[in-house]
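Residue numbers start from 1 in every chain, and the chains themselves are labelled A, B, ... in the order their sequence lines are given, proteins ahead of strands.
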Number of protein chains: 2
Amino acid sequence: MKLSKKSDYALRAMIYLAMNYQKGTLQIKEISAKERIPQKFLENILLTLRKVGILNSKMGLKGGYELARSPDLITLGEVIRALDGAIAPVNCVSKMAYKPCSEEVNCVIRSVMMDIRNAITDVLDTMTFADMCKRAKESLDKKENDVFTYAI
Amino acid sequence: MKLSKKSDYALRAMIYLAMNYQKGTLQIKEISAKERIPQKFLENILLTLRKVGILNSKMGLKGGYELARSPDLITLGEVIRALDGAIAPVNCVSKMAYKPCSEEVNCVIRSVMMDIRNAITDVLDTMTFADMCKRAKESLDKKENDVFTYAI
DNA sequence: ATAAAATCTACCATATTGGTAGACATTTAG
DNA sequence: CTAAATGTCTACCAATATGGTAGATTTTAT
């Protein structure tokens, strides 16, 4: 049930780009430095996001990347699917990678996995990068979040 | 975000054992044949479940496995954690494998991942194998479930 | 023209996944 | 008491996924 490093980096880069929306393109170098993401790895990630239409790029000198749409029109789910593929815990409850399962008893597992998939996508397909920016700005304001941040 | 084959097999074997609770021990051979799980692989899985106290075993001729507790006292979460480890999508929101994250912006990702972890564990730590048996019996009764089963 | 940027192609080491093989220990039936 | 059936233990192993890196190529602003 792990989020891959790739998706994690992608979310961080996307938040960075969203925080700077409408300031023109930002360069890989800058994002990788600020978010401490290996540059070559980030190149792959941003390229993938461009190919699925989440980012726009400008080549050549003074080139860079920017969001292809307003941050409130891009969800976390869209980004994670672009990099990691299907979100569903098993393929028989996946929209993206659906494959039927045959076992009889498996179907009751399936119904639980469906509940879980729905719970996950409820969060990921609702939450936009505009929301993320709002949360980020809020947590920058009140600095006393350190108090409870690690109390899980 | 995938459920491993190991956990999938474990859940299926557990449901099989729960459906036959209080009928004495069942043998690996039977479970592996009925649920079509590679026998040697299932051996590892059941052994793990015994070591964490979810199953009891009886060695030797006429030996086998049975639930160590009533099915309503064993949750799916317990079984999945025994085999796959932590359920949380990132370690910084895990109870089982907690490790702090340092990035500032990551904390807003963290808060979303916390929501997801909670949504997942709400399902997995609530659902017991008694519930699973009930669901299985219900879906055996009304056979028209075929109609909507694959309509996702 | 040149330098800086994205893009493309091709690797690669390591860890995880999904197993298998075979010897050993324990128990029951005969 | 012995044979057969069962769980237990240790050790492998192939295939795939993960998390990268290297280097050449194309594009563009100056």
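- The side chain of B:K29 lies closest to D:dT6 when the candidates are C:dA5, D:dT6, D:dA24.
- Contact between the side-chain N/O atoms of A:Y9 and the OP1/OP2 oxygens of D:dG20 is found at a separation under 4.0 Å.
- Atom P of nucleotide C:dA6 and atom CG of A:L17 are separated by 11 Å, given to the nearest angstrom.
- Distance, A:L3 CG to D:dT18 P: 11 Å, rounded to whole Å.
- A heavy-atom distance below 4.5 Å is not found between the side chains of B:N20 and B:E66.
- Distance B:K40 NZ to D:dC12 P: 16 Å, rounded to the nearest Å.
- When side chains are defined from C-beta on, B:L49 counts as touching B:M14, because their heavy atoms get closer than 4.5 Å.
- One can place CD1 of A:I28 at 14 Å from P of D:dT21, the figure rounded to the nearest angstrom.
- Between B:T128 and B:D131, the side chains place a donor N or O and an acceptor N or O closer than 3.5 Å (distance only, hydrogens not considered).
- Between the NZ atom of A:K5 and the P atom of D:dT21 there is a distance of 13 Å, rounded to whole Å.
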Contacts under 3.5 Å, N or O only, protein and nucleotides 24-28 of chain C:
{"unit_1": "C:dT27", "atom_1": "O2", "unit_2": "B:L61", "atom_2": "N", "d": "3.2"}

Applying side chain to side chain contact (heavy atoms under 4.5 Å, CB included), run through B:R69 and B:E78 and close with a yes or a no.
-> CA-CA 13 Å; B:R69 283 168 263 147; B:E78 197 181 349; 2.7 Å; yes
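- The CD-P distance, from A:E30 to C:dA6, rounds to 11 Å in whole Å.
- Following rounding to the nearest Å, A:L26 (CG) and C:dA6 (P) show an atom-to-atom distance of 10 Å.
- For the segment residues 41-51 of chain B, residues with any heavy atom less than 4.0 angstrom from an atom of DNA chain C are, sorted by number, B:F41, B:N44.
- Atom CD1 of A:I37 and atom C1' of D:dT21 are 16 Å apart (whole Å).
- Residue B:S57 places at least one side-chain N or O under 4.0 Å from the OP1 or OP2 atom of D:dT8.
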